[in-house]
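What follows is one structure encoded as structure tokens, with my remarks underneath.
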Protein chains: 2
Amino acid sequence: MSYKDKKVITIGVVSELTGLTDRKIRYYEEKKLIFPERTAGGSRKYSFSDVELLMKIADKMEDGIQTREIRQELVKEQNRATKEELRKKMLQGQINAHFGFRKP
Amino acid sequence: MSYKDKKVITIGVVSELTGLTDRKIRYYEEKKLIFPERTAGGSRKYSFSDVELLMKIADKMEDGIQTREIRQELVKEQNRATKEELRKKMLQGQINAHFGFRKP
DNA sequence: CGTGTAAGGAATTCTGACACG
DNA sequence: CGTGTAAGGAATTCTGACACG
């Protein structure tokens with residue numbers, strides 16, 4: 001996993017980076033749009049990917065789209081990505097079945 | 001600037017990532033080995049690059065190298081990098097002087 | 001529905017200092 | 001020199017709730 005996906009940024013910094021209030025950021029979590037991790041003490045930790053996603057969410061909110069709809073879009077995207085990954089794995093499986101493994 | 005160099009990680013998370021105590025991390029700053037930014041409220045913010053550097057520092061400390069020496073090494077590295085960059089810029093300047101600029 | 005806010009508490013971070021070796 | 005620690009204070013974050021629209 002790259003730095004982009006490591007959850008290390010606290011909500012205050014995320015707020016600075018995105019321009020969103022803490023309240024909004026927590027609300028979008030409540031609505032299942034974003035999924036931070038937690039420190040031992042319970043503080044939220046976000047990744048740069050999360051920050052990017054929050055900015056996309058902010059754009060859609062400005063367009064008057066409801067969190068419910070945004071959530072559905074995100075789930076669809078996620079499903080597409082998952083399928084894509086599966087396809088790749090199955091293809092690799094075919095390749096391995098036909099050619100087997102070799103020592104370098 | 002890439003995500004790797006954005007200063008966004010608070011000291012607690014850096015501590016988790018590096019295994020170093022807060023005390024050590026702050027001490028290495030005092031000794032000019034590391035240069036975090038600050039939030040408006042005064043909390044330190046580090047980048048992933050800083051985290052990597054701290055791990056290198058930790059290794060050298062384990063080898064019994066003093067902060068003074070580590071600092072000198074870091075300054076040398078920095079100088080090397082700066083010179084490298086300068087060379088590139090001057091070369092590009094030569095190229096531009098000889099061939100001029102063109103519209104695509 | 002989306003967001004601001006005051007409330008009270010807990011976790012986080014900061015600095016300067018003393019201790020030890 | 002490098003690091004732990006107790007001290008006191010300030011900044012940060014958390015949750016649940018009330019308010020408004």
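Letters A, B, ... mirror the listed sequences (proteins, then strands); counts begin at 1.
- Residue A:T21 places no side-chain N or O under 4.0 Å from the OP1 or OP2 atom of C:dT3.
- The six-membered or imidazole ring of A:Y3 lies away from that of B:Y3, with a centre-to-centre distance of 6.0 Å or more.
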**OP:** Would you check, one step at a time, whether the test side chain to side chain contact (heavy atoms under 4.5 Å, CB included) holds for A:E29 with A:Y46?
**Re:** CA-CA 11 Å; A:E29 177 182 359; A:Y46 302 83; 4.2 Å; yes
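- The nearest whole Å value for the distance from the CD1 atom in A:I9 to the P atom in C:dT12 is 18 Å.
- Nucleotide D:dT12: paired with C:dA10 (Watson-Crick or G-U wobble, both distances less than 3.5 Å).
- Whole-Å rounding puts the B:I57 CD1 to D:dT3 P distance at 11 Å.
- Shown here, C:dC18 forms a base pair with D:dG4; the pair counts as Watson-Crick or G-U wobble because both key distances fall under 3.5 Å.
- If you take CD1 of B:I25 and P of D:dG4, they are 11 Å apart, rounded to a whole angstrom.
- Place B:G12 and A:I65 on DNA chain C by their nearest nucleotides, and A:I65 ends up nearer the 5' end.
- OP1 or OP2 of C:dG2 lies within a sub-4.0 Å distance of a side-chain N or O belonging to A:T67.
- Donor-acceptor pairing under 3.5 Å, judged by distance alone, is absent between the side chain of A:R44 and the base of D:dT13.
- One finds the CD atom of B:E30 at 9.0 Å from the OG1 atom of B:T67 (value rounded to the nearest 0.5 Å).
- For the pair A:K32 NZ and C:dG2 P, the computed distance is 15 Å after rounding to whole Å.
- With D:dG4, D:dA17, C:dT12 as the candidates, the nucleotide lying closest to the side chain of A:R23 is D:dA17.
- Only one option out of B:T18, B:I25, B:I34, B:L20 pairs with B:V51 in a side chain to side chain contact (heavy atoms under 4.5 Å, CB included); it is B:T18.
- Across the protein-nucleic acid pair, A:R38 atom CZ and C:dT12 atom P stand 12 Å apart, rounded to whole Å.
- Proximity note for B:I11 (side chain, C-beta onward) versus D:dG4, C:dC14, D:dT13: the nearest is C:dC14.
- The local environment of NZ in B:K45 is crowded, with over 12 non-hydrogen atoms from other residues, nucleotides or ligands closer than 6.0 Å.
- Nearest-nucleotide mapping onto DNA chain D: of A:R26 and B:R68, the residue sitting toward the 5' end is B:R68.
- Distances shorter than 4.0 Å separate some side-chain N or O of A:T10 from OP1 or OP2 on D:dT13.
- A distance of 9.0 Å separates OG1 of B:T21 from CZ of B:R26, quoted to the nearest 0.5 Å.
- Both B:T39 and B:K31 lie near DNA chain D, and the one whose nearest nucleotide falls closer to the 5' end is B:K31.
- For the pair B:E29 CD and D:dG2 P, the interatomic distance rounds to 15 Å; values are reported in whole Å.
- Not one side-chain nitrogen or oxygen of A:Y28 sits closer than 4.0 Å to the OP1 or OP2 atom of C:dG2.
- Note: OH (B:Y46) to C1' (C:dC14) measures 11 Å, nearest angstrom.
- B:R71 places its CZ atom 13 Å from the P atom of D:dG2, with the value rounded to the nearest Å.
- At the phosphate of C:dT3, neither OP1 nor OP2 sits under 4.0 Å from any side-chain N or O atom of A:Y27.
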